[in-house]
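First the proteins, then the strands, lettered A, B, ... as listed; each starts at 1. Quick note: numbers below take in every heavy atom, side chains included, and nothing from hydrogens, waters or symmetry partners.
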Amino acid sequence: MQDEPFRPRAYERASEIASSHSADFREIYEKGGAKALMEIPSIGRGIAEKIEEYIKTGRIREYEALKKKYPVDIAGLTAVEGIGPKAIKTLWQKLKIQNVADLEKAARAGKIAGIARFGKKSEDKIFKGIEFLKLSHGRFRLGDILPYVRALELELKSVKEVDELVVAGSIRRWKETVGDVDILAVSRKPKAVMEYFVGMKDVANVYAHGETKSAVKMNNGLDVDIRVVPRESFGAALNYFTGSKDHNVALREIAIKKGWKLNEYGLYKSQKSKAEGQKWKMIAGRTEDELYEKLGIAYIEPEMRENAGEIEAARNNQLPNLIGYGDLRGDLQTHTDWTDGKHSIREMALAAKEAGLEYIAITDHTKTLAMTGGSDEKKLLKQIAEIKKINQEFEAEGIKFRILTGAEVNIMPDGKLDITDEVLADLDVAGAAIHMNLKLSPAEQTKRIVRAMENPNIDIIFHLTDRIINRREALPLDLETIFKTAKITGTILEIDAYPERLDLKDEHIREAKKFGIKFAIDSDAHAKDQFRFLEFGIAQARRGWVEKGEVINTRSAEGMLKMLK
DNA sequence: GCCGTTTTCGGCCCGACTGTTTTCAGTCG
C-alpha cells in the first residue's frame, strides 16, 4: 500500500519460515540471541531485531505505527476476490472502509462505482466476492474432493478438442488440503476447450474466461482453473502449474543465474542478433525431465516440490529414492465388525487381497473405547482363534493371503494400556493409540506416549498426534523426546492413511526420519472399500521423503514381523 | 528487508485476464 514491493515480501517469507520451522523462534532467541535467528535463511538483521523486540516487549512499534496509519482489516479484505492492497488503500482513503462489513455496505449503497478506477463492474465483482467469501470452505481436505476431481478430469478428457489433460497443482503434489484445482490441457483449439469448461453444468460462477486460461467456482465451492498450452510447452507448463510457487521461483532463479529465462512455455536461452536485438531460443520444455536436466539438477518428484531443501538435494544427487505407490504388501491397521468396522474379518481380508495386498493385521479397538464395543482380553483371545480358523480355511481353499492378529490398544491417561501384557504378547501386531483425554498438558501427553512405547509388547504407535485435518489440532507433544524413545525402544511409528487423519503428517515424518525411525503405512480401514486410502498414506510418506526400506509393511509378512519387538 | 561461485549495491519470477482505460495498472496464481 506504500508502493514498497520488496519489504512486504521479505516479511512474508520470514513469516512462512517461522511457521514451518521445526524449532520455536523464542527458544532459538533465548539460546543464541538475535544472532542465532539471523542464521535462519530469510531472517536478516532487520527482522531478527523485530522478533527480539516482540519477545522482549510483546509488541512491534513499527507494526503498531503502520496499523495506526491504516486501521484496516487487510487480511479480511484481501480475502475478497479481486481486492488487493491498492484497492484497499483507495477504499480506505475515499470511503473509510475498514473491513468487509464496511465494504459490503458501500457496495450496497452504490458508492464504489463512483471512485476513480472503479466502475459498475468492480462493484458487482465485490458483491459476488463477498457472497462467495461467506460460502467459502477455505481449504478442502484432499480425500474429500479427490473423487470429485477425478470425475471432473474424466469429463474434460472426453472433450474432443482436448488432446491431453492432467490435474496439476497441489493435488499432483498430494498436499493434504487443497485450495483450488489446477488443470492443464494441450489442445489445438483452446477456445473450444475454454467454452466447454466455463459452460459445464456444475459451474456456479465464472471468474475469468480468456483464450487460454479460465477460472470458475463449482457448486460445491471448489475453485477450478484451467490453462491450455501448445504441446511443445507441456513439460514447462506442467512444472509451472504443479508448483509449489516457491519451488517454481527457485527454479527460475537457477535459470536466471545461467542467463536463461523460465516460464510456463519453456526454458529459454538468450540469443543476440544484430538485426533484431535480443531473441529467446527455447532449449527445453516438452517434458519435465528435460527441464530439470537442462537446469542441471535431478528430476524432483511432485510430492517433494515445496522448496524445502529438495533443489539442493537434487543438485547434489542426494534425493531419496521415494517409496512407490505399489510398494505396500500389507496393512497393519484394519477394523472389522467385531468392533466399529462395517465388515467381517473374512470380507476385509478378501477385499485387501483384491487391493493387491498379501496380508493384513486385524486391529480392532479395545475395551475402554466402549462406544465401539472394544474388545476385552476374552474377546481378543476369541478373535485370535477365529483368525486362525479363517487362515486355515484360506489355505484349504487355495487363497494365498495371511491374516495377522492384532489390536488398536487404547492408551490410558497415565500411559498404561487397557489390555494385559499377557494377552498383548499373544498378538502378532500390537498397536497403541490415544483416543481420549486429549486435554492433558504437553508433558503429560508426551509421558503417556513414552510409557506406551516402553512396553515391550507395543510394536507400533498408531496416529501419534491424533489430529483431524480441518477439525482437531494435533496433540501438543514433545516430538523430539518421542522420536528418541521410538528409536531406543524399536517402536514403529504409523503413517495413518485415513484421509481425515494423515498422521504423522509430512513435516513430522521428515523429522522422524532423522532419528532413524521406521514407519508403517496403514489404511485404518473401517470398511472393505477403504484400502484405497493407502495411496494417501504413501503420498504423505513421499512428501516426508520416505524410502521403501523405511516402511516395514513393504516387506513380506515374515520379513515385517521380524521388524517388530 | 534479504542476499551474494557474476554483486556488500542493486537486484528481487513471470505472464494471463480484467476493467477502465486509449496504453496500462491491479490482481491472481
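Heavy-atom minimum distance, Pro302(A) versus Arg173(A): O-CG, 3.4 Å.
Between Glu511(A) and Lys505(A) there is no salt bridge, since no side-chain N of the basic residue sits under 4.0 Å from a carboxylate O of the acidic one. The existence of a salt bridge linking Glu480(A) and Lys484(A) is confirmed by a sub-4.0 Å separation between a basic side-chain nitrogen and an acidic carboxylate oxygen. With salt bridges taken as basic N to acidic carboxylate O contacts below 4.0 Å, none links Arg542(A) and Glu550(A).
Under the ring pair (Phe, Tyr, Trp, His ring centres under 6.0 Å) criterion, Tyr240(A) pairs with no residue, sequence neighbours left out. Scanning for ring pair (Phe, Tyr, Trp, His ring centres under 6.0 Å) contacts around Tyr63(A) gives an empty result, with sequence neighbours left out.
The same atom, C1', is picked in dG26(B) and in dT20(B); the two are 11 Å apart, to the nearest Å. Going from the P atom of dC28(B) to that of dT23(B) covers 25 Å, rounded to whole Å. Distance noted for atom P between dG4(B) and dC13(B): 14 Å (whole Å). Nucleotides dC12(B) and dC17(B), compared at atom C1', are 24 Å apart to the nearest Å. Using atom P as the reference point in both dG1(B) and dT6(B), the two lie 27 Å apart (nearest Å). With both ends at atom P, the span from dA16(B) to dG10(B) equals 31 Å, rounded to whole Å.
Sequence order on DNA chain B of the closest nucleotides to Tyr265(A) and Phe6(A) puts Phe6(A) first from the 5' end. Map Ile40(A) and Met194(A) each onto its nearest nucleotide of DNA chain B; the residue landing nearer the 5' end is Ile40(A).
In this structure, CD of Glu123(A) is placed 14 Å from P of dG19(B), rounded to the nearest angstrom. dC13(B) atom P lies 13 Å from atom CD1 of Ile311(A), rounded to whole Å. Computed from coordinates, the Asn263(A) CG to dC14(B) P distance equals 8 Å when rounded to whole Å. In this structure, Tyr11(A) atom OH and dG1(B) atom P are separated by 5 Å, rounded to whole Å. For Lys257(A) and dG11(B), the NZ to P distance is 15 Å, given to the nearest whole Å. Here the C1' atom of nucleotide dG15(B) and the CD1 atom of Ile256(A) are 14 Å apart, to the nearest Å. Rounding to whole angstrom units, CZ of residue Arg227(A) and C1' of dC17(B) are separated by 10 Å. Note: NZ (Lys258(A)) to P (dC13(B)) measures 18 Å, nearest angstrom.
Look at Arg13(A) and you won't find any side-chain N or O under 4.0 angstrom from OP1 or OP2 of dC3(B). Distances shorter than 4.0 Å separate none of the side-chain N or O atoms of Ser122(A) from OP1 or OP2 on dT18(B).
Remark: the Asp503(A) side chain and the Tyr498(A) side chain contain no N/O donor-acceptor pair separated by less than 3.5 Å. Using modelled atom types, one finds a donor on one side chain and an acceptor on the other under 3.5 Å when comparing Glu310(A) with His247(A).
Because its NZ or CZ atom is not both nearer than 6.0 Å to the ring centre of Trp280(A) and within 45° of the ring axis, Lys269(A) does not count as a cation-pi partner of that residue.
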Base-contact (B) and sugar-phosphate-only (S) positions in nucleotides 24-29 of chain B, heavy-atom cut-off under 4.0 Å, - elsewhere: -SSSSB
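Out of dC14(B), dG19(B), dG1(B), the shortest distance to the side chain of Lys121(A) is found at dG19(B).
Residue contacts for Lys50(A): at a heavy-atom cut-off of 4.0 Å it reaches the sugar-phosphate backbone alone, with no base atom in range. Within 4.0 Å of Pro8(A), counting heavy atoms only, lies no atom of the nucleic acid at all. Residue-level contact check: Lys120(A) touches the backbone only, with heavy atoms under 4.0 Å from sugar-phosphate atoms and none from bases. Across all strands shown, Ser214(A) has no heavy atoms under 4.0 Å from either base or sugar-phosphate atoms.
Using N1 to N3 plus N6-O4 or O6-N4 for Watson-Crick, or N1-O2 and O6-N3 for G-U wobble, each under 3.5 Å, dC12(B) pairs with dG1(B).
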